[in-house]
Structure formats: structure tokens, C-alpha cells
Asker: 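The structure that follows is given in the form of C-alpha cells.
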Amino acid sequence: MGRVTPQELSLALARILTDIVEERRSRTEGGATGELVVTVQDTQVERPKNRDHGDWSSNAAMKFAKRLGVPPRELAEQIISRAAEIDGVARAEIAGPGFINLTLDVASAGETARRVVEQGAAYGRGDALAGQVINMEFVSANPTGPLHMGHTRWAALGDSTARVLRAAGAEVTSEYYINDAGAQMNKFGRSVLAAALHEPAPEDAYPGEYIQQLGSRVREQLPNLAELADQDRDAALDQAQELAYQLQLAEIKDSLERFNVHFDVFFSERTLHAPGEHGEPSPIEAAIDRLREQGHVFTEDDAIWVRTTDFGDDKDRVFTRGNGVYTYFAADAAYYLSKMDRGFGEKIYLLGADHHGYIGRLTAIAGAAGDNIETDITVLIGQLVNLNGARLSKRAGNIIELDDLLEWLGADALRYWLARYPADSPLALDGEQLRSRTNDNPVFYVQYAHARTCAVDRNAATAGIDRSTFAPGLLEHPTETDLLGKLQQYPGIVAGAAELREPHRVTRYLEELAASFHRWYDNCRVIPLGEEPVGDLHRTRLWLNDAAGQVLRNGLDLIGVTAPERL
RNA sequence: GCCCCCGUAGCUCAGUGGAUAGAGCAUCGGCCUUCUAAUCCGACGGUCGCAGGUUCGAAUCCUGCCGGGGGCACCA
């Protein structure tokens, strides 16, 4: 019996097409087909929208017709005569301008249910990105205040993307860059110190009540602060600033934890400025030296420059200001080199649209450092989020805090909604919709489908239905064929989402899967009615129910959303 | 002025060059003594911003224009 997945169908079609190409080549002695190579990519099958077009469909004949010099329908004819022989394929037909439509035999399709159950949490995981060592940097918000709405989209998207990449076999380190050096930190320190000492806020102080709260905590934990400030203002500032920073960073980590967002590494900018233990140059100095050796650094107007224009940037950038202080960009460059030195191939940056001016210079640093700017660096730019109907936070100075959003909407609804759209698509949060427990709210729709699979499982146990038999040939109801097809698609969805760095594909898929499940549930009973005896069909359907629940769970996990057993 | 993103149903948005462009919401209408009706079924709804081009085939790729958003620091 065939266990036919879309991947296996693509492979089989690729073999058939290769044979046809070979045969033509030997007949025409090379010629036009000389360079022609068929890959699995060329023979991808897709799930047709229209059921009359079979279970799986390929446009390979149309793609290759011109290159082979054969009319598309004629080539399709040659392909289907052999495709009908693929184990598990019941019918192969030509349609329209040259589509190849394949219909699986019922039992082969039904085998999917058992395969999913057997593979469990591993179903859908693959090796499309095996061997890739990826650094994924996102959020990286200044530790001078709470996370707010501007950070939430990148937190959700970045974490989900990392999970999807891992599911496709990549080795991913997710990383948060802490801007804990520089003027913003000093401003933050002065703001908190003033609050702690009950002094009026400095003119350029950070707004928001959280500064006052930090000030109170600093005052409690540093009882001698006022005394110290009288004797040595700078020392007091240092202590207050450092403590406030640690408190704030801990708060940020807590918020991320509640949002189910995990970072492998929190990377401190300070470590880039610090010289070595025995007076070695700091990583920034070392980085500038390395780039100078590569011939990309020059001095002009008392400043050190890097010639990013050699790598497509629209202007050269400075590493030091006139006063000798390193720019933020110098640290960025050193940070990039650190990522290289730590063995990462592709470095992914997830930035807001307000940072799109950074693409040119980041890419240029990659090039200057000797990386391949096509493959070793990816800068994903996301559009900002609008919010309807939220209250602004007084605590954080009229911005909306992540913690408030979590309390208001819950982590699941927020994560799901933010992961549901491509990064470059504008997105609005609608509080009313996200709080609703109906079809308007896609996360509930999907979670409900999962809870239903659990309810069926519980009821089946009560009714004495076990998994002692599995008869896939019985899964022939149209809603069963449809649901099985959805389950077969899942590994391809994960691989595609990973390759394109688009986790929203998973959420869209989950909604389709949930819809297929709900329709099946409505049409096909697992638990017999009345006095009807339990049969193989009921037991086999229980496997299918399990399989649907498993894939819903696997998919929700990639988005970082829980899969409750009851709602 | 230059650069990036967006423009698809009344609304919010999917759509990796393929078949009659989809989903949810909204509106209207159906199905509950049966595994959870938080589900399901049906109807209504389109100049895919506009105009050219490439292609057997374009919402998708290219060019120009229109409209909306963002960015163009020896700031962090």
C-alpha cells in the first residue's frame, strides 16, 4: 500500500519527467535538452481549490513544454501514463491547458492518520534548513523602560520565526541586544536618581510613572543613597543607574517570559566597549582594526570612517564622533563581527520600519567583514502596529505597555494575532475582537478545534472505543479526504514558512485545518449513535481525530500559543 | 528630492507566474431530543489603485503615474 505524501508525489513526478527528458535526449542526440535538469522544485504538487481537480495537482508539464519543444498537453499525456503507476495513486488526469491532476486511493490517503499519530510532536519537523546555523536578533529594546506595543510584534514574530526555523532543521540562537552603554543609559540613570532622591526631574528626564517606581525601589535597596549623593554625586549616580538598569532588565525578561518569548542570549553592548583583562583592545577597537586591515576604514575631519558605500550604502558612516566617542554604529559593527566569530552563518535582524535606513549600513558591514551579503545577512523590516480601543498607560508615559496588553488580551490571543500577518503588512489590533470567544477571533477558532479533538478522545474512552484496529480504506467521506489532505500539507507548510521566514503561513494553515476538522466533526461521528455497535470505522476515525489534534498542537506550538484540552 | 513598505469584497486581511481571485467579520437566510451550536450550511458581495509591458498564462514580474504610511543624523 502506498503512503503517498505531497513530497513523495513531487519526487515521483520528478523521476518521471527526468526519464522523459533522458529519452528525448537520446533520441535527438542532445540538442535542446542538453542542459535540462529536473528538480523536485519543478514538480511541486499543490492542493487544488476545486475538488474536481483531484487530490494533488502539478503544472510541471506546462513549465517544461517550451523547454522540451513539446505541446503542454502532449507532455502531460506522457507524464500521466506513467504517473498512474505510482503506488497509491488511483487516477492521473489531464485538465485545462496541461495540468496533471492526481487522485489518491482512499487507503493510501488514510494512512496519513496513522503516520501523524506515530510521529506525534515530530510530525511536520523536517530538514529543509538542516546545517544552517542562524542568529536571530529581535526586540533589542533599550533597558530604560518597560516593553511597549512597539516591541510586541517583533517579540511575537521573532520568537515564532525562530521556532519555525528550528522545526525546519536549522540551528537557531535567538538573541536580544541590550543597549546598556551610552547617553540613553545616563539619562535613564539621572532620571531614576532624581526620583529616588525626591528631587525634581531633570529637564530631559524620561517621562512616565515607572521612573518614580524604579526610584522608590532604588531608594529602598540603597538606604545610604542620599548620603552618598551629598558626598559624591557621580558615585551615587553610578550606583542608582546600575541598580535601576538591573531592575528594569529583569522586568523586561519577566514580560517576555509571560509572553512565552524565549531568548537564548542577552548580549550586552557594554562588553563591546570594555577592554580585555590585560589591557587588550576592546571588541570595538579590535573590530575597527580588522575592518581597517580589510581596507575599508579611513580617517577624515578628525573622525574614523568606514567606507560602506563600497557595499551599496548611500553614504559612508562614522565610527567615532569628533570628540573621539564611538558611535552606536561602531558597536553595531563590532556586534556583527561577534556574531561571525561565534560561528553563525546567516544573521537575521528583525527591525521596525522606522529603522529601514539601517539596512544599507548593516549590509555594508557584513560585506566589509568579508561575509556574503546575499546569504549571510537578512534584514526583515516590519510595519508598525495600530491599536483600536486600548487605553494608554500612565505608568509608562502614554505608551501602551506589553504587560497591559497581556493583562487585557492574554498572551495567546496577542501572540496569535501578531503572528497572523506578514511582517511587511500593516496590522491593527482590535481589542474587542481579540477578547471575543467566537469565530471573529481566530485563535479561539483554532483552540476550540483542538479542544474538540480532546473532548472526542474523552468521550471515546467512555464509550469503549479503542485504537485496536485501523482501516484507512474506510475514510472515504469527502470531509475525511479533505481533512487528510490538510494533514498531508502540514510538513510542506512548515518548510515553506521557514524558507520564507513567514510564520503567518502556519496560522493561516491552522485556520484551514480547524475548518476542515469542524466540518468533519459535523459530518462524521466517532462515537456511534444509540444502539449502533462500535466498528472499525469508529476506531479508525478515532485515529484521524488524534491526528488532527496532534497537528493542531504542533502548529500552535510553533506560534507559541497553548493548545488547551478544554475551553 | 532620494529610498523602503502598502493599495485585493462594505470592514480587517490571505493569496511562492497557473484552473471560476479566497477567508473571517458585517448583512440576510437555514440546521440543536445525537461525540461541546464557541461549531456547521446557504445567499449577498470584486474595474485586484490607474496605464503600459513581459509571458501560453499576471493580483503576483518590469516601467511610469496616483493615493496612504515610514525613513533619509559625527542621535541612541
Side-chain angles (χ1 to χ4, degrees), chain A residues 41 44 46 48-50 52-53 57-59 62-63 65-66 71-72 95-99 101 142 144 179 181-187 269 301-305 314-315 317-329 331 352-360 381-384 386 388 420-428 430 433 436-442 444-445 447-449 451-460 462-463 465 479 496 499-500 502 504-505 507-508 511-512 514-515 517-530 532 538 541-542 545 566-567:
Chain A
Q41 292 298 323
Q44 292 289 354
E46 62 176 30
K49 280 166 266 181
N50 188 336
D52 298 335
H53 295 149
S57 155
S58 167
N59 59 11
M62 291 181 290
K63 277 189 187 161
K66 182 173 253 182
F99 289 101
N101 294 335
N142 285 353
T144 54
N179 297 122
Q184 290 301 316
M185 281 302 289
N186 293 328
K187 180 171 142 185
E269 182 190 352
D301 300 333
D302 293 331
I304 299 174
W305 294 70
D314 52 4
K315 64 182 74 164
R317 307 289 169 175
V318 290
F319 276 156
T320 59
R321 301 200 292 268
N323 58 13
V325 175
Y326 292 112
T327 59
Y328 193 84
F329 182 57
D354 53 339
H355 282 70
H356 104 262
Y358 277 59
I359 300 176
I381 294 296
Q383 296 292 307
L384 305 175
N386 297 311
N388 303 325
R420 193 170 181 253
Y421 303 92
D424 55 10
S425 169
L427 179 158
D430 186 324
Q433 185 174 7
S436 86
R437 298 166 67 82
T438 67
N439 228 346
D440 328 4
N441 190 351
F444 274 100
Y445 182 74
Q447 286 182 319
Y448 177 51
R452 257 189 164 173
T453 66
C454 297
V456 169
D457 184 68
R458 290 190 295 266
N459 293 329
T462 309
I465 302 172
T479 60
E499 278 159 22
L500 296 165
E502 291 185 344
H504 77 275
R505 288 169 187 276
T507 65
R508 300 289 169 170
E511 288 159 40
E512 288 177 24
F517 172 78
H518 284 309
R519 270 193 295 274
W520 172 71
Y521 174 92
D522 233 55
N523 284 278
C524 297
R525 294 189 55 91
V526 172
I527 292 138
L529 275 175
E532 187 190 342
H538 303 108
R541 280 178 175 166
L542 185 55
N545 181 74
R566 303 167 194 267
L567 289 181

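Below, chain A is the first sequence line, B the second, and so on; all start at residue 1.
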Asker: Compare every heavy atom of A/H504 with every heavy atom of A/T507, then report the nearest pair and how far apart it is.
Answerer: OG1-O, 2.8 Å
Asker: Between B/G45 and B/C25, how far apart are the two C1' atoms, rounded to whole Å?
Answerer: 13 Å
Asker: If I pick the C1' atom on B/G70 and the same atom on B/C74, what distance separates them, to the nearest angstrom?
Answerer: 24 Å
Asker: Between B/U12 atom P and A/L427 atom CG, what is the distance in whole Å?
Answerer: 12 Å
Asker: When you check the glycosidic angle of B/C28, does it come out syn, meaning within 90° of 0, or anti?
Answerer: anti
Asker: Would you indicate, yes or no, if B/C74 has its OP1 or OP2 atom less than 4.0 angstrom from a side-chain nitrogen or oxygen of A/Y328?
Answerer: no
Asker: Donor-acceptor pair, distance only, cut-off 3.5 Å: does the side chain of A/N323 make one with the backbone of A/V325?
Answerer: yes
Asker: Could you tell me whether A/A183 contacts a base, only the sugar-phosphate backbone, or nothing, with contacts defined as non-hydrogen atoms closer than 4.0 Å?
Answerer: sugar-phosphate
Asker: Could you go through the ring-ring contact (aromatic ring centres under 6.0 Å, His included) check for A/F319 and A/F329 one step at a time?
Answerer: CA-CA 6 Å; A/F319 276 156; A/F329 182 57; 5.8 Å; yes
Asker: Test your reading of the model: is there a side-chain donor-acceptor pair from A/R321 to the backbone of A/A303, 3.5 Å cut-off?
Answerer: no
Asker: From the set B/A38, B/U16, B/C74, return the single nucleotide nearest to any side-chain atom of A/R505.
Answerer: B/U16
Asker: Categorize A/D301 for me: base, sugar-phosphate, or nothing, with a 4.0 angstrom heavy-atom threshold over every strand shown.
Answerer: base
Asker: To the nearest angstrom, how far is A/Y521 atom OH from B/U34 atom P?
Answerer: 11 Å
Asker: Would the distance check show the side chain of A/R437 and the main-chain N or O of A/F444 forming a donor-acceptor pair, the cut-off being under 3.5 Å?
Answerer: no
Asker: By the 4.0 Å heavy-atom rule, please label A/P72 as base, sugar-phosphate, or nothing.
Answerer: nothing
Asker: Give a yes/no on whether any side-chain N or O of A/R321 is located under 4.0 angstrom from OP1 or OP2 of B/C75.
Answerer: yes
Asker: In the structure shown, which nucleotide is the Watson-Crick or G-U wobble counterpart of B/C56, with both distances under 3.5 Å?
Answerer: B/G18
Asker: Answer with base, sugar-phosphate or nothing: what part of the nucleic acid does A/R437 contact at a heavy-atom distance below 4.0 Å?
Answerer: base
Asker: Could you check A/N179 against A/Q184 for side chain to side chain contact (heavy atoms under 4.5 Å, CB included), going step by step and ending with a plain yes or no?
Answerer: CA-CA 9 Å; A/N179 297 122; A/Q184 290 301 316; over 6 Å; no
Asker: Might you list the N or O atoms of the protein lying below 3.5 Å from N or O atoms in nucleotides 29-31 of chain B, with each pair's distance?
Answerer:
none

Asker: Name the residue closer to the 5' end of RNA chain B, choosing between A/N441 and A/G496 according to the nucleotide with the nearest heavy atom.
Answerer: A/G496
Asker: Any strand counts, and the cut-off is 3.5 Å on both contacts for Watson-Crick or G-U wobble. Which nucleotide pairs with B/G45?
Answerer: none
Asker: What nitrogen or oxygen pairs link the protein and nucleotides 53-62 of chain B at under 3.5 Å?
Answerer:
unit_1: B/C56; atom_1: OP1; unit_2: A/K66; atom_2: NZ; d: 2.2

Asker: Specify the residue among A/R525 and A/E511 whose closest nucleotide of RNA chain B lies further upstream toward the 5′ end.
Answerer: A/E511
Asker: Just to be sure I understand the rule, does A/I359 reach a base, reach only the sugar-phosphate, or reach nothing, if contact means heavy atoms closer than 4.0 Å?
Answerer: nothing
Asker: Using purine N1 to pyrimidine N3 plus N6-O4 or O6-N4 for Watson-Crick, or N1-O2 and O6-N3 for G-U wobble, both under 3.5 Å, which nucleotide pairs with B/U36?
Answerer: none
Asker: Distance between the P atoms of B/C11 and B/A58, in whole angstroms?
Answerer: 27 Å
Asker: Distance under 6.0 Å and angle within 45° of the ring axis: does A/R452 meet both against A/F517?
Answerer: no
Asker: Would A/H504 pass as stacked on B/A14, i.e. its ring centre under 5.5 Å from the base's six-membered ring centre and planes under 30° apart?
Answerer: no
Asker: How long is the straight-line distance from CD1 of A/I304 back to OG1 of A/T327, given to the nearest 0.5 Å?
Answerer: 10.0 Å
Asker: Taking atom P in both B/G53 and B/G71, what distance in whole Å separates the two?
Answerer: 37 Å
Asker: Does B/C25 have a Watson-Crick or wobble mate here (both distances under 3.5 Å), and if so which one?
Answerer: B/G10
Asker: Measure from CG on A/N523 to C1' on B/C40 and round the result to the nearest Å.
Answerer: 8 Å
Asker: What is the pairing partner of B/C50, taking Watson-Crick or G-U wobble pairs with both distances under 3.5 Å in any strand?
Answerer: B/G64
Asker: Between B/G15 and A/Y421, is there an OP1 or OP2 to side-chain N/O distance shorter than 4.0 Å?
Answerer: no
Asker: Ring centres within less than 5.5 Å and planes less than 30° apart: is that true of A/F99 and B/A19 in this structure?
Answerer: yes
Asker: Consider the side chain of A/R458, meaning its heavy atoms from C-beta on, and name the nucleotide among B/U36, B/C74, B/A19 that approaches it most closely.
Answerer: B/U36
Asker: With respect to the phosphate group of B/U36, does any side-chain polar atom (N or O) of A/H518 fall under 4.0 Å of OP1 or OP2?
Answerer: no
Asker: Answer with base, sugar-phosphate or nothing: what part of the nucleic acid does A/A449 contact at a heavy-atom distance below 4.0 Å?
Answerer: nothing
Asker: At 4.0 Å (heavy atoms only), tell me whether A/C454 reaches a base, stays on the sugar-phosphate, or touches nothing.
Answerer: nothing
Asker: Go through A/N545 and A/W520 one step at a time and tell me if the side chain to side chain contact (heavy atoms under 4.5 Å, CB included) criterion holds.
Answerer: CA-CA 9 Å; A/N545 181 74; A/W520 172 71; 3.9 Å; yes
Asker: Would you mind reading off the distance between A/E502 atom CD and B/U16 atom P, rounded to a whole angstrom?
Answerer: 8 Å
Asker: Identify each atom pair where a protein N or O and an N or O of nucleotides 69-73 of chain B are less than 3.5 Å apart, giving names and distance.
Answerer:
unit_1: B/G70; atom_1: O2'; unit_2: A/A353; atom_2: O; d: 3.3
unit_1: B/G70; atom_1: N2; unit_2: A/H356; atom_2: ND1; d: 3.2
unit_1: B/G70; atom_1: N2; unit_2: A/H356; atom_2: NE2; d: 3.2
unit_1: B/C72; atom_1: O3'; unit_2: A/K315; atom_2: NZ; d: 3.4
unit_1: B/A73; atom_1: OP2; unit_2: A/K315; atom_2: NZ; d: 3.0
unit_1: B/A73; atom_1: O5'; unit_2: A/K315; atom_2: NZ; d: 3.4

Asker: Return the pairing partner of B/C72 with a 3.5 Å limit on both distances, Watson-Crick or G-U wobble; otherwise return none.
Answerer: B/G1
Asker: Would you indicate what A/I381 reaches in the nucleic acid, counting non-hydrogen atoms under 4.0 angstrom: base, sugar-phosphate, or nothing?
Answerer: nothing
Asker: In whole angstrom, give the distance that lies between atom CG of A/L529 and atom P of B/U33.
Answerer: 13 Å
Asker: More than 12 heavy atoms of other residues, nucleotides or ligands under 6.0 Å from CG of A/D302: is that the case?
Answerer: no
Asker: Which value, in whole Å, describes the distance between the C1' atoms of nucleotides B/G15 and B/U36?
Answerer: 33 Å
Asker: Using a cut-off of less than 4.0 Å, is there contact between a side-chain N or O of A/R452 and OP1 or OP2 of B/A37?
Answerer: yes
Asker: Starting the side chain at C-beta, find the nucleotide from B/U16, B/C40, B/A19 nearest to A/S57.
Answerer: B/A19
Asker: Specify the separation, in whole Å, of atom CD of A/Q447 and atom P of B/U36.
Answerer: 18 Å
Asker: Is there a side-chain polar atom (N or O) of A/N50 under 4.0 Å from OP1 or OP2 of B/U20?
Answerer: no
Asker: In this structure, how many angstroms lie between the C1' atom of B/U27 and the CG atom of A/D440, rounded?
Answerer: 14 Å
Asker: Counting any heavy atom closer than 4.0 Å, what does A/A181 reach on the DNA or RNA strands: base, sugar-phosphate only, or nothing?
Answerer: sugar-phosphate
Asker: Which whole number of Å gives the distance between the C1' atom of B/C61 and that of B/G17?
Answerer: 8 Å
Asker: Check this one for me: any side-chain N or O of A/K49 less than 4.0 Å away from OP1 or OP2 of B/A19?
Answerer: yes
Asker: Please state whether the base of B/A19 and the side chain of A/N101 form at least one donor-acceptor pair under 3.5 Å?
Answerer: yes
Asker: From CZ of A/R519 over to P of B/A38, roughly how many Å is that when rounded to an integer?
Answerer: 18 Å
